[in-house]
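Right, one structure below, let's go through it.
Owing to the predicted nature of the structure, the values given are computational and were not obtained by experimental measurement.
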Amino acid sequence: MVFDLDMIRKIYSDLPHKIQQVKSELKRPLTLTEKILFSHLADDMPIKDYKRGIDYVNFSPDRVAMQDATAQMALLQLMNSGRERVAVPSTVHCDHLIQAYKNAAEDLQTAKITNKEVYDFLRAVSNKYGIGFWEPGAGIIHQVVFENYAFPGGMMVGTDSHTPTAGGLGMIAIGVGGADAVDVMAGLPWELRMPKLIGVKLTGRLSGWAAPKDVILKLAGILTVKGATNAVIEYFGEGAETLSATGRGTICNMGAEVGATTSIFPFDEKTALYLEITGRKEVADEARRIREYLRPDPEVIENPSAYYDQVIEIDLSELEPYINGPFTPDAAHPVSEFAEVVKKNNYPKKIEAGLIGSCTNSSYEDLSRAASVVRDARNKGLTVKAQFIINPGSEQVRYTAERDGILREFEEAGAVIMANACGPCIGQWKRSDEKTDRPNSIVTSFNRNFAKRNDGNPNTHAFVASPELVAALTIAGDLCFNPLTDTLENEQGDQVKLAEPVGYEIPPHGFEVKNLGYVAPSPDGSSVEIHIDPHSQRLQKLEPFPAWDGEDFIDLPLLIKIKGKCTTDHISMAGPWLRFRGHLDNISDNLFIGAVNAFNNQTNSVLDPETLEYVPVPVLARKFNAKGIGSVVVAEENYGEGSSREHAAMEPRHLNVKAIIVKSFARIHETNLKKQGVLALTFVNKEDYDKVQERDKISILGLKEFAPGKNLTVQLLHADGTKEVFEAAHSYNAQQIEWFEAGSALNAR
């Protein structure tokens, strides 16, 4: 089945003319990113050289994808939009709510029972509004999109931060919050700050133990978790052409970990081959006809520094395998140096679990290469020393891997095959061996490794590596093991060395699947009724947020001053809280429970200014809200890093947090705050963060003259009666100020 072929043909038919028009107007060559962005300008946007990283631009994406956890809130908002059908092709993918515990069959059955109310809701709304529905077990959203929907030259948004995976097939794919997705589904222009461009030139060719994952693990160490904020990473060079399509998808997927708006590779025969093997030969043939428009112009490749804001070069021939972590994905270590890092930092040396899967690394190629390591180990008399878990990326990958004996290789080594779902990557892991009172180490092929991310245990040290390296480390059970140089003792007492991994970019006998798990929507959904039980603990109809009252914020109490890293996991945890993603009031009970209070270095413990006792953050927020009192949150760098989950913006809004003042924001989260009517401000002088005291009353002045580029004034009234005043900056444009004044972007329509 080829989805949306007529739409793709129309896009390809128009693309050459649009790009020629842009080049004529700008009078210069174009990068691939520019070709796609400019060809997707909204009708009201003129062609001009927009200032990168500064100008806000309206676009018209081609499609929307939503995973089941974020889709709930997105569809609840869509129901309030007045639409009868979505304006662009859209899909819902049920991958986040399946907990990994026993095995694929039992866990999937449990998920269908425990999440029946949510699945029924998602299925009904999809049917009514013309949205494609992918059932539980069909696969992880980004792998399914890669196999079925991603196409070179297209543009999509998705309610998940790892939507950029589709960039591996040459698509501009951007993670957004639900309100942004609703704009696109409603046929409205979608706003994005024109991104900066980071060019990554790849030379040479991977060999031995090095994998595509190592490209982005190394790059994460170079750029750090916020080094690509408001930028697109565009890969090019002869080295890029040697990488498989799914390997490119892995690299683009983890661009989210350096803050990138998205990442992208140019179209070539590797792209075409993957399109063909996944049943989309027509798309491959159409793309071949306009290949020059699906690649950067030759002048860009010849002189990249003239067209990209930053150029980074990586020689694949010299690239070592990397292990990143713990607790942050940009702690990058070449495997040759990692043993010393472990010893120096006293990380738990024993590996207790190895996990392969997630939206980053669960393709056929990933599984086949990891399986080759397992097979070689068994042939040499080695046994796996740690718990071993495998999550295939899609039913198509799972079925084909089972047919070809790949899954059997894992099972014979003692691995458990879990459902085609996110599972442990997002905290959906009921870990039977968990010990919360002692440090322990796990290795994964996932993308993130924040504290508590995988199993809810703050003592778990999670390290990220390629699937093949995860397999080798799990076999060894030793974090200091380097398969490039070290040997292991087998059952006979011999020292043996693991062979280099081998695998297949695409299945030698093609893909096969009996049931994709796709349900097409009704051609006419007008008769479909959507029922939400008013007493439900899982779903809750959304009520519009109140509009701004036209006054400055005066003497608001501080809810929490956050110290250090504050990701969306810290603001609104996943794991067991995923069950409340469709119920705003219930999920608000997790507000900031993972954030560290700067005044006592504890989580979920803040001072009640009335009683002077420490209480949980949601308790204090609800107390303020019940009295009609707004509050303020203060935090440090890259606030809101990580997931696209807009719950991290909607929960503070629901509990009457009026403003969040930080040193810097992560891109998606700043937009989410703006969309939901929360005032998002940054310290002009970062040292002003230190001025905020625990019992402060905070005023934000100048809101009556709120305007683009005009700073606001923050006044702190300390408990001793003294005051301090400083400026706070913002990035609001005129339209976003209208969102604030109306109470939310949805209210402003």
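For Phe327 and His461, the ring centers are positioned less than 6.0 Å apart. Aromatic pair Phe592/His570: ring centres not closer than 6.0 Å.
Side chains of Gln537 and Asn586: a donor-acceptor N/O pair is present below 3.5 angstrom, by distance only.
Distance alone, capped at 3.5 Å, places no donor-acceptor pair between the Arg538 side chain and the His583 backbone. A donor-acceptor pair under 3.5 Å is formed between the side chain of Glu646 and the backbone N or O of Ala179. Side-chain N or O atoms of Glu670 include none that pairs as donor or acceptor with a backbone N or O of Phe665 at under 3.5 Å. Judged purely by atom type and a 3.5 angstrom limit, Lys213 uses its side chain to pair as donor or acceptor with the backbone of Ser445. Of the possible donor and acceptor atoms, none in the side chain of Lys686 sits under 3.5 Å from a partner among the backbone N and O of Val662.
Under the salt bridge (charged side-chain N to carboxylate O under 4.0 Å, His left out) criterion, Asp120 pairs with Lys116, Arg123, not counting sequence neighbours. Evaluation of the ring-ring contact (aromatic ring centres under 6.0 Å, His included) rule for Tyr235 yields Phe265 as partners, not counting sequence neighbours.
A salt bridge between Lys563 and Glu636 is absent, with no side-chain N of the basic residue lying under 4.0 Å from a carboxylate O of the acidic one. Ion pairing between Lys675 and Asp183 holds under the 4.0 Å rule for side-chain N and carboxylate O. The pair Arg448-Glu257 meets the salt-bridge criterion, since a charged nitrogen lies less than 4.0 angstrom from a carboxylate oxygen. We find that Asp589 and Arg622 are joined by a salt bridge, their nearest charged nitrogen and carboxylate oxygen being less than 4.0 Å apart. Between Arg645 and Asp569, at least one side-chain nitrogen of the basic residue sits less than 4.0 Å from a carboxylate oxygen of the acidic one, meeting the salt-bridge criterion. Salt bridge annotation for Lys565-Glu637: absent, with no cationic side-chain nitrogen under 4.0 angstrom from a carboxylate oxygen.
Atom CD of Gln99 and atom CG of Asp107 lie 7.5 Å apart (nearest 0.5 Å).
No side-chain heavy atom of Val145 sits under 4.5 Å from any side-chain heavy atom of Thr163. When side chains are defined from C-beta on, His40 counts as touching Asp62, because their heavy atoms get closer than 4.5 Å.
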Donor-acceptor pairs are to be reported for all side-chain atoms of residues 189-197 against protein atoms at under 3.5 Å, with residues two or more places apart or in another chain.
| residue | atom | partner | partner atom | Å |
| --- | --- | --- | --- | --- |
| Trp190 | NE1 | Asp180 | OD2 | 3.4 |
| Glu191 | OE1 | Gln736 | NE2 | 2.7 |
| Glu191 | OE2 | Asn733 | ND2 | 2.7 |
| Arg193 | NH2 | Tyr56 | OH | 2.8 |
| Arg193 | NH2 | Ser731 | OG | 3.3 |

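The minimum heavy-atom distance between Tyr639 and Cys566, with the atom names listed, is CE1-SG, 3.6 Å.
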